[in-house]
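In what follows, a single structure is set out as structure tokens and then discussed.
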Amino acid sequence: MSNSLVLVINSGSSSLKFALIDTVSGEATLNGLGECFGLADANVSWKIDGKKHEFQLSDNGNHHKQAIDRIVALLEEQGIKQDIVAVGHRVVHGGEKFTQTVKIDETVLQEIENLSDLAPLHNPAHVVGMRAAIAAFPALSQYAVFDTAFHQTMPAKAYTGAISSKLYDDYGIRRYGFHGTSHYFVSREAAKVINKPIEKSSFISVHLGNGASVCAIKDGQSVDTSMGFTPLSGLMMGTRCGDLDPGIIEFLLKKGWSPEQVFKELNSNSGFLGVSGLTSDCRGVIEAMEEGHVGATLAFEIFTYRVAKYIASYMVALDELDGIIFTGGIGENSLPIRSQILKSLKIFGYREDEAANADARFGKDGVITQANTPLAMVIPTNEEWVIAKESMALLHA
Ligand code: AMP
């Protein structure tokens with residue numbers, strides 16, 4: 001195990017996820033979560049041998065630093081701190097500046113902070129987490145892996161809005177796309193399944209989780225994706241509305257809603273939660289639908305219809321299509337969601353293999369369409385592993 005461990009950190013504004021990845025086996029030997037930062041019950045928890053441990057953080061502030069210090073102590077207790085060779089950080093927004101993984105130094109930290117305008121909830125929190133990790137592991141090289149980087153290959157016609165170029169020039173308003181690390185990983189795995197070099201493979205990758213996006217991948221590169229300037233656009237999500245007529249915003253503002261109220265509504269009260277009126281969780285929606293709940297049934301229908309519409313529209317971005325890839329918590333596990341999406345794509349020849357669809361769940365991959373029909377498959381995503389591998393590759397570059 002020694003010399004193959006990378007600590008992967010995903011630092012949010014009120015939370016910090018961590019995982020210790022063995023880059024040889026691909027396994028997470030330890031993972032955990034710091035939560036409720038800024039509140040009285042801030043804590044860090046982790047699992048060892050299936051047993052959960054929790055540590056309460058003190059209320060004298062700087063919970064990111066406290067959490068990282070506790071993680072360091074944990075690694076020392078486990079006798080594995082000295083085996084860690086690098087730290088990899090997930091970063092939501094790299095703007096147009098970062099097209100690949102980079103080693104973190106003061107200039108990079110400044111640049112990530114400068115992009116905070118584009119990701120006000122995420123980038124400042126990443127920098128806080130990075131500074132705490134640098135203080136805790138001063139001798140280790142640390143790397144930033146960007147959610148947006150994979151999408152930097154999109155052509156201008158895909159990333160440019162049909163708006164005045166002044167908005168792009170002055171504010172950088174364009175499509176950036178997110179979930180890039182996931183789309184990158186599953187497309188590489190899918191190429192192995194079909195036994196083709198990734199540079200010659202084209203896929204439509206469908207990441208369906210609490211956040212959801214579709215990506216058209218041509219010859220291994222992202223050429224279009226459904227999330228845009230922010231992660232609000234495209235598909236319907238757990239609490240986000242996805243695509244919506246921007247005129248509705250003006251309408252609500254004129255009705256007396258504040259901008260904050262409008263965007264809270266579209267980000268936090270919409271999607272599965274808003275339409276079903278019950279829950280943002282796909283499992284809860286499906287259970288309620290099976291009991292005949294009208295709102296849950298409509299939520300299921302809108303969600304699957306919209307995914308199918310995006311898949312169909314992305315056919316025009318590709319010259320050929322080797323397969324549709326389902327991933328993310330919903331894409332990896334929900335049989336009825338996948339089944340309905342494939343039914344909606346019947347006109348393109350997709351035919352579900354029911355037994356295979358039922359089998360490809362809970363971490364199992366597999367092709368879920370019938371032989372001699374267009375291919376759709378399930379590939380469990382593993383963003384932490386990509387972050388660890390990219391960090392390791394740069395360390396040895
Ligand atoms: P993620 O954001 O990728 O962790 O995905 C979270 C979403 O996956 C939630 O909406 C969960 O309800 C959904 N999910 C997880 N397991 C299942 C399952 N077995 N069936 C349907 N949805 C699931």
Side-chain angles (χ1 to χ4, degrees), residues 8 10 12 14-19 28 31-33 35 45 47 90 92 121-122 147 177-187 189 205-215 225-227 230-232 234-242 267-291 293 295-304 306-307 325-342 352 354 356-366 368 376 378-387:
V8 173
N10 181 356
S14 63
S15 69
L16 187 145
K17 285 189 200 147
F18 65 97
N31 55 43
L33 173 66
E35 286 180 292
S45 61
K47 267 189 179 168
R90 174 189 178 229
V92 163
L121 292 181
H122 294 100
D147 268 10
F178 300 89
H179 285 153
T181 310
S182 176
H183 292 302
Y184 170 88
F185 173 76
V186 296
S187 56
E189 292 300 301
S205 167
V206 186
H207 180 116
L208 305 178
N210 267 325
S213 70
V214 186
C215 179
T225 193
S226 61
M227 282 180 171
T230 71
L232 185 57
L235 302 178
M236 167 175 159
M237 308 181 211
T239 61
R240 285 174 246 165
C241 60
N267 269 299
S268 311
N269 298 335
S270 300
F272 276 135
L273 176 63
V275 179
S276 72
L278 292 174
T279 173
S280 63
D281 190 291
C282 180
R283 279 167 295 199
V285 168
I286 290 173
E287 276 165 28
M289 179 180 77
E290 285 166 355
E291 286 162 11
H293 189 279
T297 306
L298 183 59
F300 176 90
E301 287 175 357
I302 300 173
F303 184 81
T304 50
R306 197 175 284 193
V307 174
I325 310 166
F326 288 102
T327 195
I330 300 171
E332 291 169 28
N333 295 302
S334 181
L335 204 156
I337 294 265
R338 295 191 306 234
S339 181
Q340 182 53 49
I341 293 167
L342 291 177
E352 174 192 1
E354 286 178 20
N357 192 24
D359 201 39
R361 300 175 76 191
F362 311 127
K364 259 184 93 180
D365 59 13
I368 59 169
V378 174
I379 306 268
T381 195
N382 194 342
E383 288 156 286
E384 285 87 6
W385 198 57
V386 177
I387 294 170

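Computation of the quantities below employed the complete heavy-atom set of this structure, encompassing side-chain atoms and omitting hydrogens, waters and symmetry-equivalent molecules. Order of appearance sets the numbers: ligands from 1, and atoms from 1 within every ligand.
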Protein N/O near ligand 1 N/O, under 3.5 Å, which pairs?
{"residue": "ligand 1", "atom": "2 (O)", "partner": "Asn210", "partner atom": "N", "Å": "2.9"}
{"residue": "ligand 1", "atom": "3 (O)", "partner": "Gly329", "partner atom": "N", "Å": "2.9"}
{"residue": "ligand 1", "atom": "8 (O)", "partner": "Ile330", "partner atom": "N", "Å": "3.3"}
{"residue": "ligand 1", "atom": "10 (O)", "partner": "Cys282", "partner atom": "N", "Å": "3.0"}
{"residue": "ligand 1", "atom": "12 (O)", "partner": "Asp281", "partner atom": "OD1", "Å": "2.5"}
{"residue": "ligand 1", "atom": "12 (O)", "partner": "Asp281", "partner atom": "OD2", "Å": "3.3"}
{"residue": "ligand 1", "atom": "12 (O)", "partner": "Cys282", "partner atom": "N", "Å": "3.1"}
{"residue": "ligand 1", "atom": "12 (O)", "partner": "Arg283", "partner atom": "N", "Å": "3.2"}
{"residue": "ligand 1", "atom": "12 (O)", "partner": "Arg283", "partner atom": "NE", "Å": "3.3"}

Practice item. Evaluate the side-chain hydrogen bond (donor to acceptor under 3.5 Å, both in side chains) criterion for residues Glu352 and Ser339: first the C-alpha distance (whole Å), next the side-chain angles of each, then the deciding distance (0.1 Å), finally the verdict. Key: CA-CA 7 Å; Glu352 174 192 1; Ser339 181; 2.6 Å; yes

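Rounding to the nearest 0.5 Å gives a distance of 9.0 Å between CD of Glu290 and CZ of Phe300. Taking CZ from Phe326 and CG from Leu342, the interatomic distance works out to 5.0 Å, rounded to the nearest 0.5 Å.
Under the 30°/60° scheme for interplanar angles, the aromatic rings of His207 and His179 are found to lie parallel.
Every residue two or more places apart in sequence or in another chain was checked for a salt bridge (charged side-chain N to carboxylate O under 4.0 Å, His left out) with Glu35, and none qualifies.
Leu208 pairs in a side chain to side chain contact (heavy atoms under 4.5 Å, CB included) with only one of the listed residues (Thr327, Asn333, Ile330), which is Ile330.
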